[in-house]
Amino acid sequence: ASSGISAGPRTYGNWRRPQSAGLFGLGALGTGIMMGGLVLVVLVTMLAGFLRGLVLFVVLTGLLAGVAAKDKHGRSLLERTRTRMVWATARHRGAHLYRSGPLGFTVWGTHQLPGIAASLRLSEHFDAYGRPFALLHAPATNTYTVPLAASPDGASLVDREQVDVWVSDWGHWLANLADEPGLVACSVTVETAPDSGHELRRSVQASIDPDAPGFAATMLRDVVDAYPVGSSVTRAWVVLTFSAVSPATGDKRDPEAMGRDLGTRLPGLVDTLRATGAGAVRPVSGQELCELVRVAYDPGSAPLIDQAHSQRGDTGPWWADVGPTAAVAEWDGYRHDSGYSVTWAMST
């Protein structure tokens with residue numbers, strides 16, 4: 001008997017392109033320019049004559065055309081021109097260059113984060129289960145951010161019914177975030193990076209029996225040396241951002257007060273997130289966050305950090321020194337230490 005359920009691929013709809021309200025598809029900015037310009041044209045025509053009013057009308061029409069003419073990504077000609085002008089101004093001022101350290105531009109002589117991330121402050125607290133978690137304070141936006149590490153199982157060798165359950169639970173988890181007091185944002189990042197092999201090597205060396213046959217031990221060591229070549233590691237991060245203003249009292253909370261509040265709420269958020277197929281979810285500690293940021297700016301340091309873990313378990317980077325030593329912002333990319341970052345954006 002047929003169950004009535006389509007066997008085709010799952011699709012997700014109800015997506016809408018965000019746009020501001022306005023007349024004739026101009027948006028709020030274009031509508032304001034049009035209404036204000038028409039009034040100005042009428043006044044100029046009445047006070048200075050028809051010819052000058054006509055010239056102003058032509059100029060206004062050209063400006064509206066720049067707002068209305070949009071490319072395949074939904075960006076108007078005026079927006080693209082403004083972006084180019086801002087970029088040219090930044091290059092002329094040298095704002096695209098960053099140098100840190102004792103001989104750099106930073107005031108304290110440290111390798112602090114560049115740009116808007118320079119004001120971020122890191123503190124570490126403990127949740128109700130005694131697990132440490134990092135708390136990032138952004139004074140500019142008056143918010144606190146908590147990163148969570150996840151290890152999703154993926155859809156490989158998983159029944160479609162189980163995937164549907166995970167997707168449904170993920171939707172419920174996102175919907176329940178709307179009831180979390182003070183929560184202002186949630187983001188998910190999936191990271192794929194080359195596997196250095198130090199984690200595998202440490203795990204295998206810890207499990208090798210000293211009395212094992214020589215052939216078996218040699219085979220394990222050969223596997224450890226060969227397996228990381230060409231392989232990758234995939235990790236996922238869920239970031240929750242909360243407002244520093246207390247929903248109950250309206251007072252601005254300091255990191256200690258915010259840490260106590262989130263310490264009692266994080267276990268529930270973590271436990272419910274596991275049911276969405278996110279795997280083993282846990283809070284990210286302050287030391288781990290420092291390592292993640294440092295490796296993001298300097299991928300070449302990843303093997304050194306893994307090696308330090310395997311030898312003594314402590315890598316040592318502080319939050320004030322996790323930024324790049326040198327960085328250059330380019331029009332189509334961002335060069336930083338041993339890495340080069342490029343963003344590919346997809347629009348429909």
Side-chain angles (χ1 to χ4, degrees), residues 12-99 105-107 113-120 137-143 145 178 182-187 241-245 247 250 252 327-336 341-348:
Y12 303 94
N14 200 28
W15 300 100
R16 293 181 298 175
R17 185 192 298 271
Q19 60 182 12
S20 59
L23 299 175
F24 310 113
L26 294 175
L29 176 62
T31 302
I33 294 176
M34 182 184 67
M35 300 301 293
L38 289 177
V39 173
L40 185 61
V41 168
V42 172
L43 292 177
V44 171
T45 303
M46 293 174 58
L47 299 177
F50 175 77
L51 183 58
R52 294 184 179 180
L54 180 61
V55 173
L56 181 59
F57 179 78
V58 172
V59 174
L60 175 63
T61 303
L63 185 60
L64 288 177
V67 176
K70 297 183 178 180
D71 59 7
K72 59 184 178 181
H73 304 293
R75 301 186 63 199
S76 66
L77 178 61
L78 190 63
E79 290 175 334
R80 299 197 303 271
T81 303
R82 177 182 174 275
T83 302
R84 284 286 184 177
M85 292 178 61
V86 171
W87 168 248
T89 303
R91 283 188 59 88
H92 179 73
R93 296 171 49 194
H96 66 299
L97 301 176
Y98 179 76
R99 299 292 185 269
F105 300 151
T106 57
V107 179
L113 295 175
I116 60 176
S119 63
L120 297 180
H137 179 212
T141 58
N142 206 17
T143 56
T145 299
L183 183 70
V184 296
C186 173
S187 65
T241 302
F242 298 85
S243 173
V245 179
K252 180 179 177 180
V328 180
E330 302 174 357
W331 175 254
D332 54 355
Y334 182 62
R335 187 177 301 278
H336 45 87
S341 297
V342 180
T343 298
W344 286 277
M346 181 176 62
S347 59
T348 57

Test of understanding: with side chain to side chain contact (heavy atoms under 4.5 Å, CB included), list the residues that count as partners of [X], not counting sequence neighbours.
X: V245; answer: N142, S243
X: L56; answer: L40, V41, V44
X: A68; answer: L26
X: A117; answer: L113, L120

Please name all residues satisfying side-chain hydrogen bond (donor to acceptor under 3.5 Å, both in side chains) with [X], sequence neighbours left out, ordered by chain then number.
X: T241; answer: T145
X: R75; answer: T83
X: H137; answer: none
X: S341; answer: H336

What's the shortest heavy-atom distance between [X] and [Y], and which atoms?
X: S119; Y: P139; value: O-CD, 3.2 Å
X: S76; Y: G66; value: CB-O, 3.5 Å
X: R335; Y: E330; value: NE-OE2, 3.9 Å
X: V67; Y: L78; value: CG2-CD2, 3.7 Å

Handout entry: Y334 atom OH: more than 12 heavy-atom contacts under 6.0 Å
Key = yes
Exercise for the section: Measure the acute angle between the ring planes of W331 and W87, then classify it against the limits of 30° and 60° as parallel, tilted or perpendicular. Expected result: tilted
Fill in the blank from the handout: Output for pair (F242 CZ, L183 CG), nearest 0.5 Å, gives 5.0 Å
Practice task
Find out whether M34 and L63 are in side-chain contact, i.e. whether some heavy atom of one side chain is under 4.5 Å from a heavy atom of the other.
Solution key: no
Problem - L64 and I33, any side-chain heavy atoms less than 4.5 Å apart - result: yes
Exercise for the section: For R91, check salt bridge (Lys or Arg N to Asp or Glu O under 4.0 Å) against everything at least two apart and list the hits. Expected result: none
